[in-house]
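For reference, the structure is listed below as structure tokens.
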Amino acid sequence: MDYSFTPTDEPQSLARPQWNHSHASSRNIGFGFGTILAIGGMQAFLFLAHWFIFHTWTAFWPLSPAAEWDLGGALLLLSVSFVVAAVLGYRYYNGFVAFIYKIAAVWLGLLNFIFWAACLCWAADLALRLARPAAVAGGRPWIAAVLFGLAFLAGIYGMLNARHIRERHVTMTLPNLPASWRGRSALLVSDMHLGNINGAGFARRIANIARRLNPNIVFIAGDLFDGSKADADKIAAPLFELSKSIGVYFCGGNHEEFGDAAEYSAALIRGGIHVLHNERVDVDGLQVIGVSYSDTNYPARLKNFLESLQLDKGPASVLLNHVPHRLSIVEQAGVSLQLSGHTHGGQIVPFTWLTRRIFGRFTH
């Protein structure tokens, strides 16, 4: 069975599953205490990170008092930009919010590299002090210029790299695969995060890739939406066109549960996408199962659900599970293949190291 992967084949006549309304989001009742605490903690960290960058730059590249005020004011605004944009994006969907969110998200990506550049400035300064004490004063501006310059270049490369969609082709051999599926292909797409950053245009790019690859089935392993308030029917419309000719199967991820999960699900069902939340369907003899993100956080609940399906006594099965975890439970239940997303391969350094520590060889 050939699986074509993007970074992140025949439609069936199936009863469309209904959303379990216990998964509906709390958008209408405001932020809970835990959410407010998390937002406060993140904002405090961003304040400290921006202060550290300001302190480092002014220590290594002295400015006039007026220029210091300008730099400080700019960094202060940038330090609150992402939290403000995220809160606005959670409540409103319009061009202005999308514009603010894009700027804030781009800056947040750049901030990662700039923060580490600031850390390296002090490390380089210490090394220079130990090696050539007399050269410290004259060397500091050069240290800042080189390291901060490299940080900006790394950030720009990262943004360009993020827009480049790569395809991976992997051949899978599954036990008890129905004869009707031998030699067929499937497309796995995950973590498109449609919303204020990736819109209908990005969904159209994925849909065009799918048409070119012409798979027999499409799997979407969660985080199709970003969790922000959005016109789900509009931004996912290119995928709905795809579902008219190819069977598309979806399981929810954590970002769907950040927003109005019921609204997202309803839009997908209207668009002809099969939404699987703790359900199994038969697709021409292949067992396709989807589990909801929230339920996978409870090992006993996941174990009971999968064991009730008695998968080891039937034909090959494919499990859509957004996060690549609970693998021992999944394997013991007799699942042939689990398809996941979530990790983004760590996305950017140093988080790539963190995801490798958590997910090991399944970080991709």
TODO: Search all heavy atoms of Ser336 against all heavy atoms of Ala316 and return the closest pair with its distance.
DONE: OG-CA, 3.4 Å
TODO: For residues Phe113 and Phe152, establish whether the separation of their ring centroids is below 6.0 Å.
DONE: no
TODO: Would you name the heavy atoms of Ala49 and Phe115 that are closest together and state the gap between them?
DONE: CB-CD1, 4.0 Å
Open item on the list: Take a 6.0 Å sphere around OH of Tyr298 and say whether it holds more than 12 heavy atoms from other residues, nucleotides or ligands.
Closed with: no
Open item on the list: Are the side chains of Leu213 and Glu167 in contact, using a 4.5 Å heavy-atom criterion?
Closed with: yes
Open item on the list: Between Arg140 and Asp125, does any side-chain N to carboxylate O distance fall below 4.0 Å?
Closed with: yes
Task: Glu307: salt bridge (Lys or Arg N to Asp or Glu O under 4.0 Å) partners, not counting sequence neighbours - done: Lys303
Open item on the list: With a 4.5 Å cut-off on side-chain heavy-atom distances among I, L, V, M, F, W and Y, is there a chain of contacts connecting Val218 to Leu194?
Closed with: yes
Open item on the list: So, using salt bridge (Lys or Arg N to Asp or Glu O under 4.0 Å) as the criterion, who are the partners of Arg301 when residues are at least two apart?
Closed with: Asp295
TODO: Is it possible for you to say whether Phe359 and Ile348 belong to one hydrophobic cluster, with membership spreading through side-chain heavy-atom contacts below 4.5 Å?
DONE: no
Report all side-chain donor-acceptor pairs from residues 203-211 shorter than 3.5 Å, counting only partners two or more places apart or in another chain.
unit_1, atom_1, unit_2, atom_2, d
Arg205, NH1, Arg163, O, 3.1
Arg205, NH2, Arg163, O, 2.8
Asn208, OD1, Arg211, NH1, 3.1
Asn208, ND2, Arg204, O, 3.3

Open item on the list: If the condition is side chain to side chain contact (heavy atoms under 4.5 Å, CB included), which residues does Ala145 pass it with, not counting sequence neighbours?
Closed with: Trp61
- [ ] For Asp70, check salt bridge (Lys or Arg N to Asp or Glu O under 4.0 Å) against everything at least two apart and list the hits.
- [x] none
Task: Close side-chain approach of Val288 and Phe219, heavy atoms under 4.5 Å - done: yes
Open item on the list: Between Thr355 and Thr363, do the side chains contain a donor N or O and an acceptor N or O under 3.5 Å apart?
Closed with: yes
- [ ] Before giving the answer on side-chain hydrogen bond (donor to acceptor under 3.5 Å, both in side chains), spell out for Asp223 and His342 the whole-Å C-alpha distance, their side-chain angles and the decisive distance to 0.1 Å.
- [x] CA-CA 7 Å; Asp223 281 6; His342 185 66; 4.6 Å; no
TODO: Mind checking salt bridge (Lys or Arg N to Asp or Glu O under 4.0 Å) for Lys102 and listing every partner two or more places apart, or none if nothing turns up?
DONE: none
Task: Sequence-distant partners of Asn304, side chain to side chain contact (heavy atoms under 4.5 Å, CB included), two or more places apart - done: none
Task: Heavy-atom closest pair, residues Pro324 and Thr343 - done: CG-CG2, 3.8 Å
- [ ] Write down the atom of Pro238, the atom of Ala200, and the distance for their closest heavy-atom approach.
- [x] CG-O, 3.5 Å
Open item on the list: What I'd like to find out is whether the side chain of Val318 reaches to under 4.5 Å of the side chain of Val283, using heavy atoms alone.
Closed with: no
Task: Shortest non-hydrogen separation from Ser317 to Gly334 and the atoms involved - done: OG-O, 3.8 Å
- [ ] Mind checking side chain to side chain contact (heavy atoms under 4.5 Å, CB included) for Glu68 and listing every partner two or more places apart, or none if nothing turns up?
- [x] Phe54, Thr58, Leu63
Task: Distance, nearest 0.5 Å, that separates CG of Asn214 from OG of Ser185 - done: 7.0 Å
Task: Neighbour count above 12 (heavy atom, 6.0 Å) for Arg212 CZ - done: yes
Open item on the list: Are the side chains of Tyr264 and Leu224 in contact, using a 4.5 Å heavy-atom criterion?
Closed with: no
- [ ] Kindly work out whether a path of hydrophobic side-chain contacts (I/L/V/M/F/W/Y, heavy atoms less than 4.5 Å apart) joins Met172 to Leu320.
- [x] yes
TODO: Flag the pair His277 / Val291 as yes when at least one side-chain heavy-atom distance between them is below 4.5 Å, and no otherwise.
DONE: no
Open item on the list: What I'd like to find out is whether the side chain of Trp57 reaches to under 4.5 Å of the side chain of Leu75, using heavy atoms alone.
Closed with: no
Open item on the list: Are Phe258 and His255 an aromatic pair, judged by ring center distance below 6.0 Å?
Closed with: yes
Open item on the list: Out of the candidates Leu78, Leu46, Val83, only one should pair with Leu108 under the side-chain contact (heavy atoms from CB on, under 4.5 Å) rule; please name it.
Closed with: Leu46
Task: Path from Trp181 to Val170 over hydrophobic side-chain contacts below 4.5 Å - done: yes
Open item on the list: Working note: Ser340 + Gln338, criterion side-chain hydrogen bond (donor to acceptor under 3.5 Å, both in side chains); need CA distance, chi angles, decisive distance, verdict.
Closed with: CA-CA 7 Å; Ser340 302; Gln338 173 171 311; 3.0 Å; yes
- [ ] Could you list all the side chain to side chain donor-acceptor pair (under 3.5 Å) pairs where at least one residue sits in residues 106-124, not counting sequence neighbours?
- [x] His50-Trp107, Thr56-Trp122, Asn112-Trp116
Open item on the list: Applying ring pair (Phe, Tyr, Trp, His ring centres under 6.0 Å), can you list everything that pairs with Tyr93, at least two apart in sequence or on another chain?
Closed with: none
- [ ] Only counting residues at least two apart or in another chain, list the ones meeting side chain to side chain contact (heavy atoms under 4.5 Å, CB included) with Pro299.
- [x] Arg326, Ile329
TODO: Could you tell me whether the side chain of Glu279 reaches within less than 4.5 Å of the side chain of Phe305, counting heavy atoms only?
DONE: no
Open item on the list: Do Val146 and Leu128 land in one hydrophobic cluster if side-chain heavy atoms of ILVMFWY residues count as linked below 4.5 Å?
Closed with: no
- [ ] List in chain and number order the residues that pass ring pair (Phe, Tyr, Trp, His ring centres under 6.0 Å) with Tyr101, two or more places apart in sequence or in another chain; answer none if no residue qualifies.
- [x] Phe82
Task: Side-chain touch Lys229/Asp260, heavy atoms, less than 4.5 angstrom - done: no
